[in-house]
Amino acid sequence: MAVDTAQVGHGPSEIEVLPDSNPFATPFDNIKEPSVDSAPIFDIPPRNPPKINPFKATFNVVLAFGIIGALIAGYIIGLRIFNLTITSIGLYGTILITHYLFQLCCALLNRISVNRIANKRLKENAQAAGDSEKGTQGTSALLNPDSEVSIAVVGYREDEKAWRQCLRSLQTQTLRPKCVIGVVDGNEEPDLSMANAFVGEFESYNAPLIHLPLLLSDLHRETYFANIPKDTRFFLVKVWHWLVGRYRPGHAPALALARQAVLTQVLEWDDNWNISGLKAVCFSQPHGHKRTAMFTAFAMSIYALRTRDAVFTTDSDTLIQNNGLDEMLTLLHSSPDVGGVTADVKIWNRAESLLARLCAARYWLAFNIERACQSMWACVGCLSGPMSMYRASDLETILGPWNLQTFGGKATTFGDDRHLTNQLLAQGLRTRYTHRTWCDSESPTSFVRWVAQQTRWSKSFFREAFWFPASFAYQAPWMLLETTIQALYPFILIATVFHFLFDPATENNLSPVIWLVTMFAIAFVKSFVAMIMSRDPWMLLFSCYGFLYFFGLLPSKVWALFTMNKTGWGTSARSSSERKVGQSFFQRSFQVGHLIVWYLAVCVGIGFFVRRIFGNPLFFLIGAFTLIPAVFLYLGDSVAAKLSGWFGRKKPASEKSTEFQIDEPVLPTKPSPVLKSPEERSPSLTRGFGGSLATSTTNKR
């Protein structure tokens with residue numbers, strides 16, 4: 001193939017790469033010598049190799065197992081720590097309250113720490129420029145003026161308005177990225193529409209569209225598994241190697257060959273299409289899943305563009321604040337041991353439904369309290385996919401093992417952000433969180449889609465929680481403590497509820513009511529604190545999140561534990577065409593069937609509890625009420641629409657536009673109307689093979 005590379009970068013163009021041979025047939029015959037040496041390219045901070053401190057490791061293990069043993073023993077014997085006359089607080093309740101208060105204190109300390117780091121960097125820059133007074137007073141100056149950061153954004157059949165708005169937010173960054181790399185996970189017509197939108201939004205960057213014929217992630221995996229020896233270790237040896245963080249024999253040479261195969265392919269494409277000289281580029285590739293698209297974006301950032309400092313990653317429905325790159329890079333550079341950072345995630349569509357409002361409140365606590373506390377201990381458990389940044393040299397180290405992850409004999413699809421974080425923590429590196437910048441992402445507005453999302457996230461948590469046991473020896477004790485509490489909480493809650501409902505030996509029949517009031521009061525206190533810190537009255541809604549947790553998230557966690565080997569994404573894409581695709585009865589049953597089983601168990605338990613009070617066995621018929629939520633779960637919005645049509649009053653347009661409005665100056669503007677792509681505005685010139693030109697138009701929707 002001979003294509004004039006000078007044509008690349010002169011307006012929106014399409015370049016298609018055809019494979020000259022099967023890349024998997026003989027993975028090593030044409031592999032070149034290493035062409036990229038990491039040392040002169042990346043900003044690699046001086047570090048000592050990680051070592052396991054036996055005293056620290058012993059303390060962490062004793063602490064975690066001691067808490068587990070104490071919780072189980074205290075629950076069995078009914079240990080009460082505080083007697084409040086009408087109720088009492090057991091050992092687990094005491095630990096949860098103490099846990100929250102400690103989280104709150106550490107979160108506040110993290111804010112102080114992150115602000116101090118940013119102010120120090122600003123002052124240093126001002127002093128270096130000889131203008132200390134202006135630097136200490138102004139906040140608009142760049143914190144990292146000479147740094148290199150590339151942006152990786154991937155997507156699959158995203159809603160076009162959200163996708164375009166995401167791309168526009170990337171162009172407003174105060175710290176200009178070295179390159180914006182978009183990867184569309186698919187090469188069919190709906191996918192190319194998304195790719196063309198990228199080209200249209202980055203028209204001023206002369207961004208080309210490059211069609212890749214193969215998945216770099218597959219090339220990497222095939223090369224690795226074709227060259228690693230058969231695993232002949234005994235089972236106990238495998239378990240021991242897993243505990244201490246060792247890989248199977250032959251892992252390192254096979255991983256090096258796989259890396260070189262990817263590097264050779266990327267450099268060949270760079271030679272052909274001058275990728276390293278681009279400021280923005282979009283790749284379309286055969287459909288795989290999100291992780292395959294991320295691997296392509298990361299490989300291009302590292303090997304083709306040779307980004308020196310960091311790689312920033314975000315989702316296709318996310319709006320990034322304009323100081324995102326600069327603030328996150330400041331925290332990343334605050335210590336040589338920091339390998340990745342994340343920031344606050346908000347919800348831009350939270351005004352669309354009550355569910356989105358509740359999710360927004362939950363997000364605030366998850367990031368500004370929980371992850372902020374983890375950040376104070378430099379062990380954030382998950383660098384969130386919508387907004388995270390990785391040191392380029394560390395990303396190059398963990399990229400291969402991250403791509404090779406399997407579970408139950410299958411390649412993993414979801415949980416990419418959590419496993420990337422786990423890889424960093426297993427290297428003994430630190431992870432941090434900053435509140436000084438944020439992004440606005442999209443939240444499901446329907447209950448069924450939210451359940452599917454939470455089930456997928458729960459699968460990821462249970463799979464990743466103890467993936468690298470050795471990492472707990474490198475990190476602070478808080479990491480193991482919090483992971484243990486998060487893993488145990490759902491099951492202790494289920495045991496408590498079933499004990500109240502089904503145990504005939506319960507002395508006080510009002511115990512379940514008192515317990516519910518107590519749990520609501522604790523949630524209200526958390527909500528009130530969040531309202532004060534965020535200055536947002538909507539945070540008080542978090543006190544009602546417990547109902548959503550109990551009837552949606554709790555059973556989904558249990559279901560996720562039993563279906564971790566199922567790699568389906570769960571939620572559908574958000575484009576208009578994808579929304580029209582329905583579900584079969586069995587697909588919907590797999591998605592919501594566990595909720596119906598849970599509702600049946602709870603309703604029967606309520607019937608048993610009421611029968612115990614009033615002595616009438618007919619109260620067991622309360623279990624029949626399960627049919628009501630079952631109908632809504634299976635038929636979904638169609639039932640709600642019909643009921644609204646039968647019993648509701650149609651509101652005029654003026655009334656609809658003012659419903660549920662509130663003065664929210666901090667609420668982000670929803671994506672603006674879609675701009676017409678260049679193909680829609682006028683006929684365009686599309687490059688084919690050999691640089692030939694052909695006139696083409698795109699049909700308007």
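Note that the coordinates shown come from a computational prediction; the quantities given were computed from them, not determined experimentally. For reference, positions follow the sequence shown, starting with 1.
- By the salt bridge (Lys or Arg N to Asp or Glu O under 4.0 Å) test, R391 is found to be paired with D394, residues two or more places apart in sequence or in another chain being considered.
- Ring geometry, H99 versus W478: the interplanar angle falls under 30°, so the pair is classed parallel (tilted spans 30 to 60°).
- The aromatic rings of F520 and F524 sit parallel, their planes meeting at an angle under 30°, below the 60° perpendicular limit.
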For S443 and N349, run side-chain contact (heavy atoms from CB on, under 4.5 Å): C-alpha distance rounded to whole Å, both residues' side-chain angles, the deciding distance at 0.1 Å, then the answer.
CA-CA 7 Å; S443 171; N349 66 325; 3.9 Å; yes
Begin with the C-alpha distance, continue with both residues' side-chain angles, and end with the deciding distance and a verdict on side-chain contact (heavy atoms from CB on, under 4.5 Å) for F472 and V61.
CA-CA 8 Å; F472 292 112; V61 172; over 6 Å; no
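- Between F447 and L548 there is a side-chain heavy-atom pair separated by less than 4.5 Å.
- Side-chain contact between E370 and Y433: absent, with no pair of heavy atoms (C-beta onward) separated by less than 4.5 Å.
- Under the rule for a ring pair (Phe, Tyr, Trp, His ring centres under 6.0 Å), F528 has no partner lying at least two apart in sequence or in another chain.
- In this structure, OH in Y390 is found 4.5 Å from OG1 in T421, a value given to the nearest 0.5 Å.
- Formation of a donor-acceptor pair under 3.5 Å by the D337 side chain with backbone atoms of R47 is not found in this model.
- No side-chain donor-acceptor contact under 3.5 Å links S169 to the backbone of L319.
- Distance alone, capped at 3.5 Å, places no donor-acceptor pair between the D309 side chain and the A392 backbone.
- Here the shortest heavy-atom pairing between A356 and T445 reads CB-CG2, 4.5 Å.
- Although no hydrogens or angles enter the test, the distance criterion places no donor-acceptor pair under 3.5 Å between the side chain of D315 and the main chain of D317.
- Counting only N and O atoms by type, the side chains of T412 and Q405 include a donor and acceptor under 3.5 Å apart.
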Output, in order, the C-alpha distance, side-chain angles, deciding distance and verdict of side-chain contact (heavy atoms from CB on, under 4.5 Å) for I369 and W364.
CA-CA 8 Å; I369 301 296; W364 191 93; 4.0 Å; yes
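- G605 and F502 get closest at one heavy-atom pair: CA-CZ, 3.2 Å.
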Between F466 and L480, does a side-chain contact (heavy atoms from CB on, under 4.5 Å) hold up when you go through it step by step?
CA-CA 9 Å; F466 302 98; L480 182 56; 4.2 Å; yes
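- Between L424 and I398 there is a side-chain heavy-atom pair separated by less than 4.5 Å.
- Between E464 and R418, no side-chain nitrogen of the basic residue sits less than 4.0 Å from a carboxylate oxygen of the acidic one, so the salt-bridge criterion is not met.
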Audit row: D326, T174, side-chain hydrogen bond (donor to acceptor under 3.5 Å, both in side chains) steps and yes/no:
CA-CA 7 Å; D326 203 24; T174 55; 4.6 Å; no
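- D417 contributes a side-chain N or O that, together with a main-chain N or O of G385, makes up a donor-acceptor pair within less than 3.5 Å.
- Counting all heavy atoms, side chain and backbone alike, F542 lies closest to A361 at CB-CB, 4.0 Å.
- Distance OG/S113 to CG/L108: 12.5 Å, rounded to 0.5 Å.
- Distance OG/S441 to NZ/K346: 13.5 Å, rounded to 0.5 Å.
- The side-chain heavy atoms of K557 and F462, taken from C-beta on, include a pair separated by under 4.5 Å.
- Between V380 and Q374, the closest side-chain pair of non-hydrogen atoms falls below 4.5 Å.
- Using modelled atom types, one side-chain atom of W402 and one backbone atom of D416 make a donor-acceptor pair closer than 3.5 Å.
- Under a 3.5 Å cut-off, the side chain of T342 and the backbone N or O of S384 do form a donor-acceptor pair.
- When all heavy atoms of H594 and S556 are compared, the closest pair comes out as NE2-OG, 3.2 Å.
- Using modelled atom types, one side-chain atom of S534 and one backbone atom of A530 make a donor-acceptor pair closer than 3.5 Å.
- Of all non-hydrogen atoms in A360 and I347, the two that sit nearest each other are N-CD1, 3.5 Å.
- Counting non-hydrogen atoms of neighbouring residues, nucleotides and ligands closer than 6.0 angstrom, the CZ atom of F491 exceeds 12 such neighbours.
- M533 is not listed as a side-chain neighbour of M539, based on a closest heavy-atom distance of 4.5 Å or more.
- Within the 4.5 Å cutoff, the side chain of W438 has no heavy atoms near those of the V345 side chain.
- Counting only distance, with no hydrogens or angles, the side chain of R371 and the backbone of C382 share a donor-acceptor pair below 3.5 Å.
- With a 4.5 Å cut-off on side-chain heavy atoms, V114 and R436 count as touching.
- Nearest heavy-atom pair across L325 and F312 is CD2-CG, 3.4 Å.
- Separation of atoms OG1 (T455) and CH2 (W559) is listed at 9.5 Å; rounding is to 0.5 Å.
- N60 places no side-chain N or O within 3.5 Å of a backbone atom of M479 that could act as its donor or acceptor partner.
- Here the straight-line distance linking atom OG1 of T434 with atom CZ of F367 works out to 12.5 Å at 0.5 Å rounding.
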Using ring pair (Phe, Tyr, Trp, His ring centres under 6.0 Å), reason through F498 and W598 one step at a time and then give a plain yes or no.
CA-CA 11 Å; F498 281 12; W598 173 252; 5.8 Å; yes
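- Distance CG/D344 to CD/E327: 13.0 Å, rounded to 0.5 Å.
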